[in-house]
2 protein chains.
Amino acid sequence: MSHSHTVGVRQAQKQKTRQALLDAALQLLEEQSLSSLGLREVTRAVGVAPTAFYRHFRDTADLGVALVEQTLGSLHATIGEALAESGDGVRIDRTVALIAELVRTSPAHVRFIARERHGGVQPVREAIGAQLRRFADEVAAAFAREPEAAGWSEADLRMLAGVYVDLMVMTACAFLEAGPEGEEQVSSAARRQLRLMSLGRRHWLD
Amino acid sequence: MSHSHTVGVRQAQKQKTRQALLDAALQLLEEQSLSSLGLREVTRAVGVAPTAFYRHFRDTADLGVALVEQTLGSLHATIGEALAESGDGVRIDRTVALIAELVRTSPAHVRFIARERHGGVQPVREAIGAQLRRFADEVAAAFAREPEAAGWSEADLRMLAGVYVDLMVMTACAFLEAGPEGEEQVSSAARRQLRLMSLGRRHWLD
DNA sequence: TTCTCGGGAGAACGGTTGTTTACTGAATGT
DNA sequence: ACATTCAGTAAACAACCGTTCTCCCGAGAA
């Protein structure tokens, strides 16, 4: 008589090992790319039989897109907060600090996205591309709500938002490569880059 | 009694099959990443025995760094020409056109660089990073030669050059993803991005 | 010519891969 | 209480992998 929304011990255990597979894969992907990640490699790290993999994913590419959506999907809410800042200078600091904390708390996720964005697995590439396009849309919408956007064409606004998102991805990669000790240096460089873009934006309509 | 500079049939044949290995690898890497590229896979595509691979490279990672230097090394001369343009607007058109032609004539090389820049093989990542840093240095030197660079700190100039290079890599990736039909659209977007940066550069010292 | 060097061929090795098939047993619905 | 569903197991499969060893034979030096 239990309703469909009750979790049940059964489905809870299933999603538990599913998450274990995702976590193990993410860890293994720190030193290789998805197209070389083996099915057995993942199950061995978790401690389950190789065939158990098929109960959750069709292949490692399928696992990859799940990893993309879990990593980037939960980020839209966080991004919205930083974009709510109206001051141009304050938003720059907020955004860079957000990226820095993201890389600090979960570097493996960031590395995975950076690596597979242009990686060898097509479905994963497309999943990342779609998510980044969603981010750019949200940034463009936030820009459009501001008074500085007056006189801007929609295409130019979309271009500006695209540069903004790409700059943030590049900054995240720079944080990764620099390590914890070079964090402050990357931060200041990123802030200057954003300031350069902000200046260009102010004088766009001349 | 032949002098050391005479090629000889022996060394010519060796570099011939070495180049064949590089070409075959580049073609195979269009649909996968280097960390999953097999030694036998490459030799099979060329038509030589698997053991012949060891006469030229230690492993596939070694082949990767050779591929990086062959791809990016020959580009420094071409870049120098575009940077010689003094006009700010003309240089933008020249640069974007150069990237477009590069992607058109050898897309596999561009895809390889984009894919392995953050890929799973450390030595290759470092080789690409070193080459891109060289590009940024050249761009910074070209900027420093201009009158607009007056009052700029060396660090800010380096930052500007870094953004320039990263923007070009991103543009090359955009050309790849868009395909031949969307070439004009990517070109105009890239030109607007460069113009945005150029505007910010003009008002940097306020 | 004769000797040496070295790129390439061939076979074999132990190990790993993805996938299939049949099976177990505990949580679930009736 | 019983029947069913299904996540996970176990074993086997052919195919592939990187690497080692031995041999071959033509180019280049003597």
Side-chain angles (χ1 to χ4, degrees), chain A residues 1-25 27-29 31-67 120-124, chain B residues 1-25 27-29 31-67 120-124:
Chain A
M1 65 146 276
S2 65
H3 303 79
S4 61
H5 68 270
T6 47
V7 283
V9 182
R10 202 73 188 270
Q11 303 199 7
Q13 275 287 348
K14 174 165 184 177
Q15 287 196 350
K16 187 180 166 185
T17 67
R18 182 190 146 100
Q19 188 60 43
L21 288 169
L22 287 168
D23 291 343
Q27 187 176 336
L28 289 166
L29 284 173
E31 309 179 323
Q32 61 182 312
S33 37
L34 183 61
S35 75
S36 72
L37 182 68
L39 172 157
R40 302 181 93 113
E41 206 174 343
V42 180
T43 59
R44 192 187 311 129
V46 173
V48 296
T51 48
F53 186 91
Y54 293 106
R55 303 289 180 189
H56 304 274
F57 308 103
R58 211 171 299 122
D59 35 44
T60 53
D62 192 22
L63 183 146
V65 312
L67 215 40
V121 185
Q122 202 201 30
V124 175
Chain B
M1 65 145 281
S2 65
H3 302 81
S4 61
H5 68 272
T6 48
V7 282
V9 183
R10 202 73 189 268
Q11 302 199 9
Q13 275 288 346
K14 172 164 184 178
Q15 288 195 351
K16 188 180 166 186
T17 68
R18 181 191 147 100
Q19 189 59 43
L21 288 170
L22 288 168
D23 291 342
Q27 187 176 336
L28 289 166
L29 284 172
E31 311 180 320
Q32 62 183 310
S33 37
L34 184 61
S35 75
S36 72
L37 182 68
L39 175 156
R40 302 180 93 111
E41 205 174 345
V42 180
T43 59
R44 193 186 312 130
V46 174
V48 296
T51 48
F53 185 91
Y54 294 106
R55 304 289 184 189
H56 305 274
F57 309 104
R58 213 171 299 119
D59 35 45
T60 54
D62 192 23
L63 182 146
V65 311
L67 216 39
V121 185
Q122 202 200 28
V124 175

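Residue numbers begin at 1 in each chain, while the letters A, B, ... track the order of the sequences.
Taking each heavy atom of A/T60 and A/L37 in turn, the nearest pair found is CG2-O, 3.4 Å. Considering all non-hydrogen atoms of both residues, B/A61 and B/V124 come closest at O-CG2, 3.8 Å.
When heavy atoms are screened at a 4.0 angstrom cut-off, A/R18 is found touching no nucleic acid atom at all. Residue A/T17 is in sugar-phosphate contact alone, with no base atom involved, counting any heavy-atom pair closer than 4.0 Å across all strands shown.
Against DNA chain D, the stretch residues 52-62 of chain B makes heavy-atom approaches under 4.0 Å through B/Y54. Scanning residues 32-42 of chain A for heavy-atom distances under 4.0 Å to DNA chain C yields A/G38, A/L39, A/R40.
When the C1' atom of C/dA26 is taken as reference, atom NZ of A/K14 falls 16 Å away, rounded to whole Å. Between the CD atom of A/Q11 and the P atom of D/dG8 there is a distance of 12 Å, given to the nearest Å. The nearest whole Å value for the distance from the CZ atom in B/R10 to the P atom in C/dG6 is 8 Å. As a whole-Å value, the separation of B/L21 CG from C/dG8 C1' is 12 Å. For the pair B/K16 NZ and C/dG7 P, the computed distance is 16 Å after rounding to whole Å.
Place B/Q13 and A/R44 on DNA chain C by their nearest nucleotides, and B/Q13 ends up nearer the 5' end.
Applying the side chain to side chain contact (heavy atoms under 4.5 Å, CB included) criterion to A/D23, with sequence neighbours excluded, gives A/Q19.
No side-chain heavy atom of B/F57 sits less than 4.5 Å from a side-chain heavy atom of B/V65. Contact annotation: the side chain of B/L67 never approaches that of B/L34 to less than 4.5 Å [non-hydrogen atoms, C-beta and beyond].
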Tabulate below the donor-acceptor pairs under 3.5 Å that side-chain atoms of residues 38-56 of chain B make, not counting sequence neighbours, or state none.
residue	atom	partner	partner atom	Å
B/E41	OE1	B/G38	N	3.1
B/E41	OE2	B/Q32	NE2	2.8
B/T43	OG1	B/R40	O	2.9
B/H56	NE2	B/T17	OG1	3.2

### Message
Could you walk me through whether A/S35 and B/S36 satisfy the side chain to side chain donor-acceptor pair (under 3.5 Å) test, starting with their C-alpha distance in whole Å, then the side-chain angles of each, then the deciding distance to 0.1 Å, before giving a yes or no?
### Response
CA-CA 6 Å; A/S35 75; B/S36 72; 3.0 Å; yes
